[in-house]
A.B. asks: 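Let me begin by handing over the structure; questions about it come next.
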Amino acid sequence: MSTRFYNTKSRKKEIFVPIKKGHVNLYTCGPTVYDTAHIGNFRTFIFEDLLKRYLLLKGYGVTHVMNLTDVDDKTIKKSVAEKIPIRDLTNKYIDLFHSDIKKLKIIPADHYPRATDHIAGMIEMIKSLIEREFAYITDDGSVYFSISTYADYGRLANLNFELQQSTERVETDDYSKDNPQDFTLWKAWKDSDGEVFWDSPWGRGRPGWHIECSAMSVEYLGNHFDIHCGGVDNLFPHHENEIAQSVCATGKEFVNYWLHSEHLLLDSEKMSKSLGNFYHVKELLAAGYTSESLRYALLSTHYRSKLKFTNDKKHEAQKAVSRVQEIYNRLQEYVTDYADINGSANRVPASEDFIKALDDDLDVAGALSSVFDWIRKTNVQLDTKTLSEMDATNGIAFLLQVNSIFDILKFDLSIPEEIIQLAKERTQARKNRDWQNSDRIRDELYNLGWNIEDTPAGAKLKQR
RNA sequence: GGCGUCGUGCCAGAGCGGUCUAAUGGGGCGGUUUGCAAAACCGUUUUUCAUCGGUUCGAAUCCGAUCGACGCCUCCA
C-alpha cells in the first residue's frame, strides 16, 4: 500500500511521492535555544523522529535538516540580562538539547545548522527579494516583505488578508511598514541589541526569524524539497512567511508536503514557556519515566491530535512498554539457537497490518493495536508451547521491526553483582521453604529497583 | 469578528456508511497459574458513540442546529 500523509497545504491526505525516487529531503523546525526545550517541544521532535523512522523502514534514504535558532529577541535579552556572550548562552542550550535528544533516543538529524552561521545566505536571499521587488527597505535600515506582492500569501494557513480585520495588537504594533501585516526580513540594530549585530547592505542589524529557515533549507536541501514539519503554532506566521520568501526569492516551488503536529496539553491548556506550565525531559526522567516509557507516552497519540499529558500516562506507558519487552525476552529464551535461524518480519501477518496502519498518515494507534493483538496471541502459544521455533524467530524479527519505529526495547539488561547475589540468597531460601526470608529479600530487591519473578525455569530479575 | 480542530465505554484512544452488540492500551473486580507474588491467559466493567433533528434499506461514521472544550489570526513545537 502506498504512503499517505495529511498535507496542510491541501488539508487532505495525499499519496506521498518523493521528488527523487527513493530519497526524501526533510526539513524540521528546531528549537530556539535561549532556554531548555520542554516536552511540548519534544512532542513535535519525537513525531518527526517517528516520521523519519517510518520513511527509513519503507526503504527511503532520508536527508534530515533541523535548524537551531540561536538569535532572536528573547535570546538577546537573556544574554544581556545574564551578561553572557550570546554564543556562550546558545551553546549551553544547544548542548542540553542534544543531551535530551539522546535521552529520548531520537535519531539525530544529518545537519543542525545554526542561524548565526548562515547570515550570508540570508542576506543573499533578502537581496534577491529586494531586487525582485517583493521587499522594501525602511528609513531605519530594516527590510520588510510586502505581502501584497505575493498573491498566495495566507494560503497555507487559510487566512484571508483582504477581509481580515486588524487586531488591536497589529494596529498599534508598527509604524514604518507599508502594511501592518508585512513581516521583517532584516531588523535594524537598536541599542538594546548590544554587541549582537551583523553588517549588511542595509546597515547593521540581524535577520528576521523566518528568513533563517528559508535560507538554510535551500542551502542544504535545494529550492524544492519533499517534507517540511513543525508544530501547528508554526503554521502561521512562520511557515506562511517561509513559503512567501522562498517562492519569491527563487521563483521555484518550495515544499511539497507540510506536516504539522498538534500541541501537548497540560490541564487542557497548551504547554508553553510563556504560560509557565511545562515539564522538561530531565524532570520527567527523574520522576520515574524511562526513556522508553516517555517515548511511548509521547508517541502513542496520533500526531494531529492534542495530547493531554496527565499523570496516568506514566503508568499506562510503562505497562505497555514492559509488555513489549516481556514478550521479546520470552521469545529470546524460547529460541535456543537464534543465531542460526534468520527470522523475517514479513512472515508475521501482524507486520503487514502494522505497516499498513503506519502507511495511513502514521496511524500509530492502529499499528500498536496490531502489535498488542499479536502479543496476546503469541503469549498463548508460548504458554501452551505450541509456537514453532521458526515462528518465534520471525516474531523476534517483527518486534525488531516494531522497535525500529518506536525504539522502546532495552537490550542492555546487565544486572549488578549485588542484585544477583541477593537473588541467589532468595533462591536458597526458597529451596529451604523459608518463605519469610525469601519474601524479605524480594522486598529488598523491590526497593533496590528490581522485580523478581519465579518461573518454572527459575527466578528472573527485571529492572523496574 | 474571521479561520479551524475536537467531544466515543471507568480512563486513554481507534473508528474514514453495512464485517460495530466499537480495535488496542490502562484501571477495578472475579478466575486459571503460583508457597505467596509477579508475568501470562480467560471472563467482567460495554447495546453505547455530547444533545436534538435530518439524509439513507442501513450512521459512532454524512448534513444541519445546539451545547461544550481547544487552537490560530501576535513571539511560541
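By convention in this document, chain letters (A, B, ...) are assigned in the order of the sequence lines, proteins followed by strands, and residues within each chain are numbered from 1. As the structure is a prediction and not an experimental result, all values here were calculated from the model. Just so it is clear, the values below take in all heavy atoms, side chains as well, and ignore hydrogens, waters and symmetry mates.
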A.B. asks: To the nearest Å, give me how far apart NZ (A/Lys177) and C1' (B/U74) are.
C.D. replies: 10 Å
A.B. asks: What's the closest nucleotide to the side chain of A/Arg330 if the choices are B/C72, B/A40, B/C75?
C.D. replies: B/A40
A.B. asks: Using centres under 5.5 Å plus planes under 30 degrees as the test, is A/Trp435 stacked with B/G35?
C.D. replies: yes
A.B. asks: Can a donor-acceptor pair be found, under 3.5 Å and without considering hydrogens, that links the side chain of A/Ser214 to the backbone of A/Glu242?
C.D. replies: yes
A.B. asks: Quick test of your reading of the model: are A/Arg206 and A/Asp193 salt-bridged, counting only N-O distances below 4.0 Å?
C.D. replies: yes
A.B. asks: Report which part of the nucleic acid A/His302 touches: base, sugar-phosphate, or nothing (heavy-atom distance under 4.0 Å, all strands).
C.D. replies: sugar-phosphate
A.B. asks: Check for a donor-acceptor pair, side chain of A/Asp361 on one end and backbone N or O of A/Tyr6 on the other, with a separation under 3.5 Å.
C.D. replies: yes
A.B. asks: A/Glu453 has a side chain; which of B/A77, B/A39, B/C41 sits nearest to it?
C.D. replies: B/A39
A.B. asks: Taking NZ from A/Lys12 and C1' from B/C16, how many angstroms apart are they, rounded to a whole number?
C.D. replies: 15 Å
A.B. asks: Assign A/Asp73 to base, sugar-phosphate, or nothing according to its heavy-atom contacts below 4.0 angstrom with the strands shown.
C.D. replies: nothing
A.B. asks: May I ask you to say what A/Thr455 touches in the nucleic acid, namely base, sugar-phosphate or nothing, with a heavy-atom cut-off under 4.0 Å?
C.D. replies: nothing
A.B. asks: Could you tell me whether A/Lys462 and A/Glu453 have a side-chain N and a carboxylate O separated by less than 4.0 Å?
C.D. replies: yes
A.B. asks: If you pin A/Ile452 and A/Lys306 to their nearest nucleotides in RNA chain B, which one's is more 5'?
C.D. replies: A/Ile452
A.B. asks: Taking any heavy-atom pair under 4.0 Å as a contact, classify A/Arg155: base, sugar-phosphate, or nothing.
C.D. replies: nothing
A.B. asks: Any idea which of B/G35, B/C72, B/A77 is nearest the A/Phe236 side chain?
C.D. replies: B/C72
A.B. asks: Using atom C1' of each nucleotide, how far apart are B/U56 and B/G18 to the nearest Å?
C.D. replies: 12 Å
A.B. asks: What does A/Asp454 touch in the nucleic acid at a heavy-atom separation under 4.0 angstrom: a base, only the sugar-phosphate, or nothing?
C.D. replies: base
A.B. asks: Only counting residues at least two apart or in another chain, list the ones meeting side-chain contact (heavy atoms from CB on, under 4.5 Å) with A/Ser370.
C.D. replies: A/Asp353, A/Phe354
A.B. asks: Rounded to the nearest Å, what distance is computed from the CG atom of residue A/Leu266 to the C1' atom of nucleotide B/C70?
C.D. replies: 14 Å
A.B. asks: At 4.0 Å (heavy atoms only), tell me whether A/Leu264 reaches a base, stays on the sugar-phosphate, or touches nothing.
C.D. replies: base
A.B. asks: In whole angstroms, how far is the P atom of B/U5 from the NE2 atom of A/His263?
C.D. replies: 15 Å
A.B. asks: When the distance from CD of A/Glu212 to P of B/A77 is rounded to whole Å, what number comes out?
C.D. replies: 11 Å
A.B. asks: Regarding A/Leu265, tell me which of base, sugar-phosphate or nothing describes its non-hydrogen contacts under 4.0 Å with the strands shown.
C.D. replies: nothing
A.B. asks: Across the strands shown, which category fits A/Lys460 at heavy-atom distances under 4.0 angstrom: base, sugar-phosphate, nothing?
C.D. replies: nothing
A.B. asks: For the pair A/Arg304 and A/Glu262, find out whether any cationic side-chain nitrogen is under 4.0 Å from an anionic carboxylate oxygen.
C.D. replies: no
A.B. asks: Side-chain N or O of A/Thr75 versus OP1/OP2 of B/C75: is the shortest distance under 4.0 Å?
C.D. replies: no
A.B. asks: Assess whether side chain to side chain contact (heavy atoms under 4.5 Å, CB included) is satisfied between A/Phe309 and A/Ile39, documenting all intermediate values.
C.D. replies: CA-CA 10 Å; A/Phe309 199 80; A/Ile39 54 152; 3.7 Å; yes
A.B. asks: Roughly how many Å apart are B/U66 and B/G1, using the P atom of each and rounding to a whole number?
C.D. replies: 13 Å
A.B. asks: Closest approach to the side chain of A/Asp363, judged atom by atom: which nucleotide of B/A39, B/A14, B/G2 is it?
C.D. replies: B/A14
A.B. asks: For A/Arg304 and B/G71, what is the distance between atoms CZ and C1' respectively, to the nearest whole Å?
C.D. replies: 15 Å
A.B. asks: Measuring only the P atom in each nucleotide, how far is B/U48 from B/U21? A whole number of Å is fine.
C.D. replies: 12 Å
A.B. asks: Any salt bridge between A/Asp363 and A/Lys356, counting N to O under 4.0 Å?
C.D. replies: no
A.B. asks: So, A/Thr455 side chain and A/Ala457 main chain: donor-acceptor pair closer than 3.5 Å or not?
C.D. replies: yes
A.B. asks: Dot-bracket for RNA chain B: what is it, with Watson-Crick or G-U pairs under 3.5 Å, [ ] where a pair crosses earlier ones, and | for a pair to another strand?
C.D. replies: ((((((((.[[[..)..(.....]]]((((((.......))))))....[[[[[..)....]]]]])))))))....
A.B. asks: Distance between the P atoms of B/C63 and B/G17, in whole angstroms?
C.D. replies: 12 Å
A.B. asks: Ion pair present between A/Asp49 and A/Lys52, side-chain N to carboxylate O less than 4.0 angstrom?
C.D. replies: no
A.B. asks: Heavy-atom count around A/Asp443 CG within 6.0 Å, excluding the residue itself: above 12?
C.D. replies: yes
A.B. asks: For nucleotides 18-33 of chain B, give me one character per nucleotide, 5' to 3': B if any protein heavy atom sits under 4.0 Å from the base, S if the only such contacts are to the sugar-phosphate, - if neither.
C.D. replies: -----BSBSS------
A.B. asks: Please tell me if A/Gln181 has a side-chain N or O lying less than 4.0 Å from either OP1 or OP2 of B/C73.
C.D. replies: no
A.B. asks: Are any of A/Asn451's side-chain N or O atoms less than 4.0 Å away from OP1 or OP2 of B/A38?
C.D. replies: no
A.B. asks: On a whole-Å scale, what distance lies between the P atoms belonging to B/A23 and B/G9?
C.D. replies: 13 Å
A.B. asks: In terms of side-chain geometry, is the basic nitrogen of A/Lys187 or A/Asp73 positioned less than 4.0 Å from the acidic oxygen of its partner?
C.D. replies: yes
A.B. asks: Look at A/Lys308 and B/C11 and indicate whether a side-chain polar atom (N or O) is within less than 4.0 Å of OP1 or OP2.
C.D. replies: no
A.B. asks: Taking any heavy-atom pair under 4.0 Å as a contact, classify A/Val232: base, sugar-phosphate, or nothing.
C.D. replies: nothing
A.B. asks: Which nucleotide wins on minimum distance to the side chain of A/Glu326, given the candidates B/A40, B/A39, B/A77?
C.D. replies: B/A39
A.B. asks: Please tell me if A/Asn234 has a side-chain N or O lying less than 4.0 Å from either OP1 or OP2 of B/A77.
C.D. replies: no
A.B. asks: Could you measure between the two C1' atoms, the one in B/A14 and the one in B/A60, and give it in whole Å?
C.D. replies: 12 Å
A.B. asks: Pick the P atom in B/A22 and in B/U46, then give their distance to the nearest Å.
C.D. replies: 12 Å
A.B. asks: Mapping A/Ala157 and A/Pro237 onto RNA chain B by nearest heavy atom, which one lands closer to the 5' end?
C.D. replies: A/Ala157
A.B. asks: Check the orientation of A/Trp258 and A/His260. Use parallel for under 30°, tilted for 30 to 60°, and perpendicular for over 60°.
C.D. replies: parallel
A.B. asks: Does A/Asp233 reach a base, just sugar-phosphate, or nothing at all? Heavy atoms under 4.0 Å.
C.D. replies: base
A.B. asks: Within the structure shown, what part of the strands sits under 4.0 Å from A/Gly40 by heavy-atom distance: base, sugar-phosphate, or nothing?
C.D. replies: base
